[in-house]
Amino acid sequence: MSHSITELLKSGVIGDGGYLIELERRGYVDSGSGREKVGTGRGSGQFTPEVAVENPEALRELHREFLHAGANVLQALTFFGTREKLNRAGYGADTEKINFAAVKLAKEVAGDRALVAGSVSRTQLTEREGMGSLEKSRDHIAEQIRLLKEAGVDFLILETFFHLAEMKVALECAAKAGLPAVATMSFRPLITKCSDDHTPAECARVMTDLGAVAVGANCEQDPNRMLPLLRQMRGTTSLPLAAQPAAFRTTEQIHSFTKLPAFPDELETIQISRREFHEFGKLARNEGIGYAGGCCGCNAAYIKALAAGYTDEP
Ligand SMILES: [Zn+2]
């Protein structure tokens, strides 16, 4: 694709959906729930992207589905692909292989019809070892970004960071590598503050100052729950907003699906309908959200509904 992400953001970008939950449902990703309590945020071996080398056809097919549904960007499945996280899952030695394979697959499917983003997420070191581990995080994130750049991604999506401090590290690494970055924080258990106590508005301001090309939120909430925090962000940034909500219903008390008892083995009981993504698409367009996609729980049907809402098709 000849356009850059910055150009594409001017007219509005439809993102893709969630890969790991969908591929877990299809039997190709380990949720980790057979071994331990998942969702504590402490981090373990679950939900890592080795499917890119173990079952590439399954990943290729999901990319095709999102592209067919109307996505303008395919995210290479490199989420949780730092050596740190992969080490804990037993795949540390395959860090290069997994990142390269995931980008290659996404690029093959995208061709000249979509941009390819490298997905970079938290290392989980901050949750496990505290703020003293940030320099270790920097090494791991810098390494992954170097691999993604070598593999030829068009830009980066820094996503599902719980701590603004680690997001800052990631944005600094992206800038150093010279890759444009869409930066989205995840808020849990409530949308009012991230894990190191910054409001969505503060997060947006800091991510803007550190050179992101779009800022926003992803995962954890359904669209309606996420909208108020995006509106807060709107107040402190003039950048395009990015939103990739989850397709799971959250509660007044707990605004994040990974903190609900249904995660990860009973998610079907809190699945929202694709209709809500159609509505979200319309709202996103009306409120000037420049990058609208989905996260966990969104298969191609949700992205198709979102795209229809965003382009306001009848
Ligand atoms: Zn998600």
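Both ligands and their constituent atoms are indexed starting at 1 by order of listing.
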Problem - Note, M167 side chain near H163 side chain (heavy atom, < 4.5 Å) - result: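 M167 does not reach H163 side chain to side chain.
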Handout entry: Heavy-atom side-chain contact between L227 and L283 under 4.5 Å
Key =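 They are in side-chain contact.
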Problem - Atoms of the protein (N/O/S only) found under 2.8 Å from the Zn ion (ligand 1) - result: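 The answer is C219 SG, C295 SG, C296 SG.
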Practice task
Identify whether the distance between the nearest side-chain nitrogen and carboxylate oxygen of E150 and R146 falls below 4.0 Å.
Solution key: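 Judged by the 4.0 Å cut-off on N to carboxylate O distance, E150 and R146 do form a salt bridge.
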Handout entry: R225 (side chain) donor-acceptor with T250 (main chain) under 3.5 angstrom
Key =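 Looks like yes, one N/O pair under 3.5 Å.
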Practice task
Classify the side-chain pair Q144/N99 by whether it contains a donor and acceptor separated by less than 3.5 Å.
Solution key: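 Yes, N99 and Q144 have a side-chain donor paired with an acceptor closer than 3.5 Å.
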Practice task
Please list, chain by chain and in numerical order, all residues satisfying side chain to side chain donor-acceptor pair (under 3.5 Å) with E268, sequence neighbours excluded.
Solution key: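 So E268 forms a side chain to side chain donor-acceptor pair (under 3.5 Å) with R25.
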